[in-house]
Trainee: 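Submitted below is the structure of interest, expressed as structure tokens.
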Amino acid sequence: RTNLVIDQGFKMAECKYCSKRGFFLSTDSIGLCSVCSAAFRMEVTQKASLIVESGRIVEASKKLPTRISRCNLVIQLASDLIKYEQRGIWNLEFSPQRLVQSFTARREELYLEDAKSVAADAIKKARIASSARSAANLLGKAVVKIEGVLGGVLDKTPFHNLCDSL
């Protein structure tokens, strides 16, 4: 149950997080001393709660800025928890690294869905525009709007392809 280190033939417990060790130090089931264990449990409980709540909001909200900001929040919170996973101090059902990957991908999907909607609206309006010039203006504005989100995405190719199709 304790993380043991052999030092000059004697076994001592060692905390996986702070590396404190000693004969009288005890560690919990995941290898943390009492100080680190309390901090770990508090941090994980708070962040896990926010991650779950934010995940629900990402899927339930109709507002893109809200959905994107909640994806970003999950990515930040999960990134903060990676330090525990890297040190082998993780016994929960979810992996912080996988959460970062998953919500980064979801954020990309949300941006692309919005860009496709902007493009579809622009094409619809351009078809009924009174002149070729006003149609071109509508499509140009859509391209500018789509290009405005490129700073927030990793894979820009689908966005460039969408703009090229306009």
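If you read the sequence from its start, that first residue is 1, and numbering goes on from there.
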Trainee: Do you see a donor-acceptor pair shorter than 3.5 Å between the side chains of Thr27 and Glu14?
Mentor: no
Trainee: Taking everything shown except Lys145 itself, do over 12 heavy atoms lie less than 6.0 Å from its NZ?
Mentor: no
Trainee: Do Ile57 and Phe94 land in one hydrophobic cluster if side-chain heavy atoms of ILVMFWY residues count as linked below 4.5 Å?
Mentor: no
Trainee: Taking atom NZ as the centre, does Lys116 end up with more than 12 heavy-atom neighbours from other residues, nucleotides or ligands that are less than 6.0 angstrom away?
Mentor: no
Trainee: Between the side chains of Ser34 and Ser37, is a donor N or O closer than 3.5 angstrom to an acceptor N or O?
Mentor: no
Trainee: Does the pair Lys83/Glu43 count as a salt bridge with the N-to-O cut at 4.0 Å?
Mentor: yes
Trainee: Check whether any side-chain N or O of Glu108 sits under 3.5 Å from a backbone N or O of Leu154 as a donor-acceptor pair, and report yes or no.
Mentor: yes
Trainee: Consider side-chain contact (heavy atoms from CB on, under 4.5 Å). Of Lys62, Arg106, Arg107, which one does Arg67 pass it with?
Mentor: Arg106
Trainee: I'd like to know if Lys141 and Asp121 make a salt bridge, using a cut-off of under 4.0 Å between side-chain N and carboxylate O.
Mentor: no
Trainee: Is it true that a side-chain atom of Ser69 and a backbone atom of Thr66 form a donor plus acceptor pair closer than 3.5 Å?
Mentor: yes
Trainee: Restricting to non-hydrogen atoms, name the atom on Tyr111 and the atom on Gly152 that form the minimum distance, rounded to 0.1 Å.
Mentor: CE1-O, 3.6 Å
Trainee: Let me know which of Leu73, Asn72, Ile75 forms a side-chain contact (heavy atoms from CB on, under 4.5 Å) with Phe103.
Mentor: Ile75
